[in-house]
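Remarks on the structure that follows.
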Amino acid sequence: VAPFMFVLPEHRGLDGLKLYKQTLIDFSLVLYLGANTSTSLKLHQRSGYKTFDKLPRFGIIMQQTHPPRSAPLDDLDIDPTLLATIWRKFTDYFKPFSILRDVNFFQWRYLCAPYWKYRILKLPGFPAVAIYRFESITDAGNTVGRALRVIEFFFDPEICDASQIVNFLSAIQEFAAIKGCSFIDHFQTMQPLQRL
């Protein structure tokens, strides 16, 4: 395990992306987490985080058998207007933990991202979104699988009830299995979503 900030002398001075790629080659597994184990990690754990591969993130190791859904998920290009609309409903409901994020923010964050391709998962007619990307799983620089990384998950709390949200989460698991993912993970700090 190689913390990201530990850089071999011969690689010092590389830009961030090249350094990251070189680190993946040099070490069999790279984990990077901005949580100090003696301070903030303890706070995360008290807030309901579970650990997955020693990281305070929610993780689901995929099973091999997943029956297909009768109503498959929409797998969409990033739509900043859609995201801003649902985000506004989500944060209006959960104040004072809301932050202002508008169409321009979502365009900058996901459409203009230089290194990653982000997409949206959504059930047809259901005001909830999961923003995700696929990532390669590497071992000693070799790609051995891929993961579904859910970057954000939010919904309209006035319309969506708990059973609908759980149904959506199950559909995301099935989507990942169909796409051949080895695991899903997602950081989440909000207790209503942690319980779901």
Heavy-atom pair with the smallest gap, counting every atom of Ile172 and Ala130: CD1-CB, 3.7 Å
Nearest heavy atoms of Val150 and His186, plus distance in Å: O-ND1, 2.7 Å
Heavy-atom side-chain proximity of Tyr132 to Asp75 below 4.5 angstrom: yes
Test item: Leu123 and Leu73 side chains (from C-beta on) under 4.5 Å apart, heavy atoms: yes
Cluster overlap Leu83 with Leu111, hydrophobic side-chain contacts below 4.5 Å: yes
Side chain to side chain, Thr91 and Phe154, heavy atoms closer than 4.5 Å: no
Check: Phe126 main-chain N/O paired with Lys122 side-chain donor or acceptor under 3.5 Å: yes
Charged N-O contact under 4.0 Å between Glu152 and Arg109: no
Nearest atoms (heavy-atom pairs only) where Cys181 meets Ala147: SG-C, 4.1 Å
Interatomic distance, Leu148 atom CG to Phe175 atom CZ [nearest 0.5 angstrom]: 6.5 Å
Same apolar cluster: Ile86 and Tyr93, side chain cutoff 4.5 Å: yes
Those residues that, when tested against Arg146, pass salt bridge (charged side-chain N to carboxylate O under 4.0 Å, His left out) (two or more places apart): none
Note, Trp87 side chain near Phe105 side chain (heavy atom, < 4.5 Å): no
Within-4.5 Å side-chain heavy-atom neighbours: Arg149 and Ile151: yes
By side chain to side chain contact (heavy atoms under 4.5 Å, CB included) - contacts of Asp79 (at least two apart): Thr81, Leu82, Ile120
Side chain to side chain, Phe106 and Ile78, heavy atoms closer than 4.5 Å: no
Distance (rounded to the nearest 0.5 Å) between Asp77 CG and Lys117 NZ: 5.0 Å
Point-to-point distance, once rounded to the nearest 0.5 Å, from CZ of Arg101 to CH2 of Trp108: 10.0 Å
Side-chain heavy-atom pair Phe155, Phe168 within 4.5 angstrom cut-off: no
Any pair counted as salt bridge (Lys or Arg N to Asp or Glu O under 4.0 Å), so long as it reaches residues 153-164, sequence neighbours left out: none
Same apolar cluster: Val129 and Val166, side chain cutoff 4.5 Å: yes
Gln173 versus Ile184, closest heavy-atom pair with distance: CA-CD1, 3.7 Å
